[in-house]
Amino acid sequence: MPRARFFLPILRDNPKEAEILSHRLMLRAGMVRQEAAGIYSWLPLGLRVLRRIEAIVREEMDRAGAIEVLMPTLQLADLWRESGRYDAYGPEMLRITDRHKRELLYGPTNEEMITAIARSGVRSYRDLPKTLYQIQWKFRDEQRPRFGVMRGREFLMKDAYSFDVDEAGAKLSYNRMFVAYLRTFARMGLTAIPMRAETGPIGGDLSHEFIVLAETGESAVYVDRDVLSLPIPAEDVDYAGDLSSIVEQWTTLYAATEDVHDAARFERETPAEKRVATRGIEVGQVFFFGAKYTEPMKMLIAGPDGADRPAQCGSYGIGVSRLLGALIEASHDEAGIIWPKSVAPFDAALLNLKVGDAATDAACFKIEHQLTAAGVEVLYDESDGRPGEKFARADLIGLPTQIIVGPKGLASGTVEVKDRRTGARETVSVDSAIGRFAGFTDAKRRGLLREGRS
RNA sequence: CGGGGUAUAGCGCAGUCUGGUAGCGCGGAAGUUUUGGGUACUUCAGGUCGCAGGUUCGAAUCCUGCUGCCCCGACCA
């Protein structure tokens, strides 16, 4: 993609409203544009990352056996009256009236609607378990949105809901989502740690928040250092099998947010040299809540004994748009963003240092066309500017690989390949620069681009 | 929702106190120059000064009301 054809409104200066680093970088790199407090347009570069994150989330949900649906953003108030939440939810819920004076709301979450959907299609224990999910925009009218997409009012969320006959089954569904989350975040190059979370009135131990460690996180967290190096379940993990050992492994060592932090217990269970106190960004949560909605909404399941009982449910969220911010917080340097290969908006930046020079133009043309034909997504900077600007821009938007082509190198038949993460530069032939992407597309398609876990 | 700010060109700002018809830097366009880490210079374009009302011969500037946005706190995927 020639940069001139793309839409990439890069800002040279920091916008004043952007306080935290990820927000500044997103605005500077032309990824988003604020339209109102906590509401953003997604510009092409940001949208590409959003789509790649979605793709990973979708693949891992599907792998774990969840089934995708898509529910509307607008919901009828009456649906929420069934569960009693219409009046309970408060001013965070955006309420709308249509021309017929019908009361609607912009969904902040979808337990009611998914329960209504499941209720209409599931009658017997034979139909369960089922886990349904969607990736859809939500709206929560936060009193004070901030931190860019990390805490917007409108945000893209993956929300999954499991339905089981009994609590034992629900625990299995919970574990499947738990394991899928470990894989999902790891594939994005993130170390997201499941931490004990408040379970509210339901109680029990079946709620975890997945937290990415970052100094700029919203909440203080306390973890055992050893959690950071626990193994991620492999691609061929058996979701039909017993996953409890994996969950146990990840939930035994101490890891808690400030809300539930128990300092005495932390000191008792974790040796001083392994205690890490830092801050974190919540990127996902898994939660078992039993019959909280199925009971009032009468989603009753006939069991093997013929008796009806409410389905046992859990919900599982991932803040998809928030992940953009979390990824940048976790992976950047002074020059800009450093995208993990798995979510980068383009796979490589091609920098033509001297537009108009016949040899340079020809080499760039060849590289762009051969890589594009091989399925490697290339952003080609063929602008008529100084090399310094191109380097600065390429570093800012953070594509994993830069292919730098100029007359000096071409005089000896070489170009430079720079790794954005390590900064390592190699001088190689044009063909070799192209050749090093052999197998890349296949790895990308299969979701095998893993590096940069931070 | 309490408290505090702010609104002037695409972005960042000055001008407001003391009323006289808007300016700087960056960015953009044209050109000269330069050419491997944001080159220098010249010229040009670009603004209903957030909105509404008021005071005045005259309002970015003074007064009143409203709105947007930002920051701190409480709240939150």
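These numbers come from the heavy atoms of this one structure, side chains and all, not from hydrogens, waters or symmetry mates. Convention: sequence-line order gives letters A, B, ...; per-chain numbering from 1.
- Residue Glu209(A) is out of contact with every strand shown, counting any heavy-atom pair closer than 4.0 Å.
- Nucleotide U6(B) forms a pair with G68(B), judged by Watson-Crick or G-U wobble geometry with both contacts under 3.5 Å.
- A salt bridge links Arg436(A) with Glu426(A): the closest approach of a Lys/Arg side-chain nitrogen to an acidic carboxylate oxygen falls below 4.0 angstrom.
- How far CD1 of Ile328(A) is from CG of Leu21(A): 8.5 Å, rounded to the nearest 0.5 Å.
- Across all strands shown, Arg425(A) has heavy atoms under 4.0 Å from base atoms, whether or not it also approaches the sugar-phosphate.
- Comparing the P positions of G50(B) and G15(B) gives a spacing of 15 Å, expressed to the nearest Å.
- A 3.5 Å limit on both hydrogen-bonding distances identifies no Watson-Crick or G-U partner for C76(B).
- Remark: the separation of the P atoms in G10(B) and G65(B) is 30 Å, to the nearest Å.
- Taking the C1' atoms as reference points, C57(B) lies 46 Å from C72(B), given to the whole Å.
- Separation of the P atoms belonging to G12(B) and U8(B) is 8 Å when rounded to the nearest angstrom.
- Comparing the P positions of U18(B) and C13(B) gives a spacing of 25 Å, expressed to the nearest Å.
- With respect to the salt-bridge test (charged N to carboxylate O, under 4.0 angstrom), the residues Asp395(A) and Lys390(A) do not qualify.
- Electrostatic pairing of Glu382(A) and Arg5(A) does not count as a salt bridge here, judged by no charged N lying under 4.0 Å from a carboxylate O.
- Taking atom C1' in both A52(B) and C41(B), the straight-line distance is 46 Å, to the nearest Å.
- Among the heavy atoms of the strands, none lies under 4.0 Å from Lys158(A).
- A residue-by-residue look at Arg144(A) and Pro387(A) shows that Pro387(A) has its nearest nucleotide of RNA chain B further toward the 5' end.
- Contact check on Glu103(A) versus Arg81(A) returns a salt bridge, with a Lys/Arg side-chain nitrogen under 4.0 Å from an Asp/Glu carboxylate oxygen.
- Remark: the separation of the P atoms in A30(B) and U16(B) is 37 Å, to the nearest Å.
- Counting non-hydrogen atoms under 4.0 angstrom, Glu282(A) reaches the backbone sugars and phosphates but no base.
- Here Asp395(A) lies in heavy-atom contact (under 4.0 Å) with a base.
- Each of Ile53(A), Asp159(A), Thr184(A), Val283(A) was checked for a side chain to side chain contact (heavy atoms under 4.5 Å, CB included) with Ile318(A), and the lone residue meeting it is Thr184(A).
- Pairing for G19(B) is absent, with no Watson-Crick or G-U wobble pair whose two atom distances lie under 3.5 Å.
- Across every strand in view, G58(B) sits unpaired, with no contact that passes the Watson-Crick or G-U test at under 3.5 angstrom.
- Nucleic acid contact for Gly385(A): none, since no nucleic acid atom lies under 4.0 Å from a heavy atom of the residue.
- Taking atom C1' on both nucleotides, G31(B) is separated from A45(B) by 15 Å, rounded to a whole Å.
- Using a 4.0 Å cut-off between a side-chain N of Lys or Arg and a carboxylate O of Asp or Glu, Glu215(A) and Arg279(A) do not qualify as a salt bridge.
- At a threshold of 4.0 angstrom between heavy atoms, the contacts of Gly152(A) include nucleobase atoms, whether or not backbone atoms are also involved.
- Gly406(A) comes within 4.0 angstrom of a nucleotide base, judged by non-hydrogen atoms across all strands.
- Along RNA chain B, read 5' to 3', the first and last nucleotides having any atom under 4.0 Å from a heavy atom of chain A are C1(B) to A77(B).
- A donor-acceptor pair shorter than 3.5 Å cannot be found between the side chains of Thr427(A) and Glu416(A).
- At the heavy-atom level, Ile318(A) lies nowhere under 4.0 Å from the strands shown.
- Between the side chains of Asn110(A) and Tyr133(A), no donor-acceptor pair is found at a separation under 3.5 Å.
- Along RNA chain B, the nucleotide closest to Lys408(A) and the one closest to Val283(A) are compared, and the more 5′ of them pairs with Lys408(A).
- Across all strands, Ala37(A) comes closer than 4.0 Å only to sugar-phosphate atoms, never to a base (heavy-atom distances).
- Counting non-hydrogen atoms under 4.0 angstrom, Leu11(A) reaches nothing in the nucleic acid.
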